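Step one of this worksheet: look at the structure below.
Just so you know, these numbers come straight off a predicted model, no measurement behind them.
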Amino acid sequence: KTQATSPASHTEGEETTVTARGGHAEGYQTLVEKQYAHAEGYHTSALGYYSHAEGRYSSAQGDSSHAEGYNTQARADYSHAGGQGTITSRVAQTAIGTFNATNDNALFIVGKGSDADHPSNAFTVLEDGRATIAKAPTNIMDVANKGYIDDQLNKLKEAIIGTPVDHQVVSKLPSNPDSNTIYFIV
C-alpha cells in the first residue's frame with residue numbers, strides 16, 4: 001500500500017510511505033518520516049528533516065543528511081554516506097567507499113573494508129587538518145605519511161653512519177648546522 005498522510009506530501013511506486021509534510025517517497029518500500037525529506041529506491045528511509053536517501057537499504061537519519069548507494073547510513077546531521085556499507089558518525093562528515101571504520105574526529109573518510117564485520121579506512125582527514133593513509137607507499141606516485149618518512153630516514157641514517165642520530169627535514173640548511181644532526185633538504 002502506498003500512502004501519503006501529510007499535507008503537500010507525495011508517494012509513488014509500491015508500499016511507499018510519507019508521514020511528514022512536504023515529503024516525497026518513491027520506489028519500493030521507501031519511507032519518509034520528517035518534513036521535506038525524500039526517499040527513493042528500494043527499502044530506503046529518510047528519517048531526518050530535509051534528508052535524502054537513495055539506492056538500496058540506505059538511511060538518511062540526520063537532519064539535512066544524504067545517504068546513497070547500498071546499505072549506507074548518514075547518521076549525523078549534515079552528513080553524507082555514499083558507496084557500500086558506509087556510516088557517518090559526526091556532524092558534517094562525509095564517508096565514501098566500502099565499509100568504513102567510524103571516527104568521530106574525522107571530517108572525510110574513504111572506507112576500504114571488506115564487509116560490516118571488517119571495517120577499515122584507506123584515507124581519513126581529521127578535523128585538525130591531519131590526514132592518515134592506511135598503506136605505506138610502494139611506488140613513486142604514492143603519498144607517504146610522516147611516520148613512514150621518519151622510519152625510512154632512520155634506516156638511511158643507520159646505513160650511512162651505523163648508529164642512530166638526530167635528523168631534520170628542512171627547506172634550506174641552517175646558518176649554524178649542528179654537527180650531530182643530519183639535514184634532509186626538501
Side-chain angles (χ1 to χ4, degrees), residues 1-2 11 13-20 23-34 36-152:
K1 181 178 177 181
T2 297
T11 60
E14 188 177 352
E15 298 181 34
T16 59
T17 304
V18 176
T19 62
H24 177 198
E26 60 185 289
Y28 179 74
Q29 292 188 345
T30 58
L31 171 66
V32 172
E33 287 188 345
K34 299 291 183 180
Y36 307 107
H38 178 200
E40 61 184 296
Y42 183 82
H43 287 277
T44 61
S45 55
L47 306 177
Y49 291 98
Y50 324 107
S51 63
H52 181 196
E54 60 185 304
R56 195 165 146 208
Y57 298 110
S58 293
S59 178
Q61 300 164 22
D63 291 349
S64 302
S65 65
H66 181 208
E68 62 182 321
Y70 178 71
N71 200 28
T72 59
Q73 298 176 45
R75 292 180 178 171
D77 293 349
Y78 323 115
S79 66
H80 173 242
Q84 180 180 6
T86 56
I87 299 170
T88 61
S89 62
R90 71 159 279 165
V91 170
Q93 183 178 78
T94 295
I96 61 172
T98 59
F99 303 102
N100 65 295
T102 58
N103 181 335
D104 291 343
N105 295 316
L107 296 174
F108 181 73
I109 300 170
V110 177
K112 67 174 187 83
S114 57
D115 57 45
D117 294 328
H118 301 94
S120 63
N121 298 332
F123 181 69
T124 305
V125 177
L126 301 174
E127 63 187 342
D128 65 6
R130 290 180 296 134
T132 60
I133 301 168
K135 184 179 170 190
T138 57
N139 68 53
I140 197 163
M141 293 303 294
D142 290 346
V143 176
N145 63 29
K146 183 181 182 321
Y148 176 81
I149 292 171
D150 283 345
D151 184 52
Q152 297 307 306

Considering residues at least two apart in sequence or located in another chain, which fulfil the side chain to side chain contact (heavy atoms under 4.5 Å, CB included) criterion with E33? T19, L31, L47

Contacts of R90 meeting salt bridge (charged side-chain N to carboxylate O under 4.0 Å, His left out) (sequence neighbours excluded), chain-then-number -> E127

S58: side chain to side chain contact (heavy atoms under 4.5 Å, CB included) partners, not counting sequence neighbours: T44, A67, T72

Residues 75-113 vs ring pair (Phe, Tyr, Trp, His ring centres under 6.0 Å), sequence neighbours excluded, gives H66-H80

Does anything in residues 94-115 pair up under side-chain hydrogen bond (donor to acceptor under 3.5 Å, both in side chains), and if so which pairs, sequence neighbours excluded? S89-D104, D115-H118

Looking only at heavy atoms, what is the nearest atom pair of A76 and S65, with distance? O-CB, 3.6 Å

With sequence neighbours left out, which residue pairs that include part of residues 46-66 fulfil the salt bridge (charged side-chain N to carboxylate O under 4.0 Å, His left out) condition? none

Suppose we screen for side chain to side chain donor-acceptor pair (under 3.5 Å). Which residues come up paired with T16, at least two apart in sequence or across chains? none

Side chain to side chain contact (heavy atoms under 4.5 Å, CB included) with A101: which residues, sequence neighbours excluded? P119, N121

Using atom types as modelled and distance alone, determine if a side-chain donor or acceptor of E14 lies under 3.5 Å from a backbone N or O of G27. no

Worked verdict on H38 versus E26 for side chain to side chain donor-acceptor pair (under 3.5 Å): CA-CA 8 Å; H38 178 200; E26 60 185 289; 3.0 Å; yes

Going by the rule side chain to side chain contact (heavy atoms under 4.5 Å, CB included), which residues pair with H43 if we only count those two or more places apart in sequence or in a different chain? Y28, Q29, Y57

Is any side-chain heavy atom of H52 less than 4.5 Å from a side-chain heavy atom of E40? yes

Sequence neighbours excluded, the answer for side chain to side chain donor-acceptor pair (under 3.5 Å) partners of R130 is D128

All side chain to side chain donor-acceptor pair (under 3.5 Å) counterparts of T30, not counting sequence neighbours: none

Rounded distance [0.5 Å steps], CD1 in I96 versus CD1 in I109: 10.5 Å

Between I87 and R75, is a side chain to side chain contact (heavy atoms under 4.5 Å, CB included) present by the stated rule, with each step listed? CA-CA 7 Å; I87 299 170; R75 292 180 178 171; 3.6 Å; yes

Nearest 0.5 angstrom please: H24 NE2 to Y36 OH, how far? 15.0 Å

Among all residues two or more places apart in sequence or in another chain, which pass the side chain to side chain donor-acceptor pair (under 3.5 Å) test with S59? S45, Q61

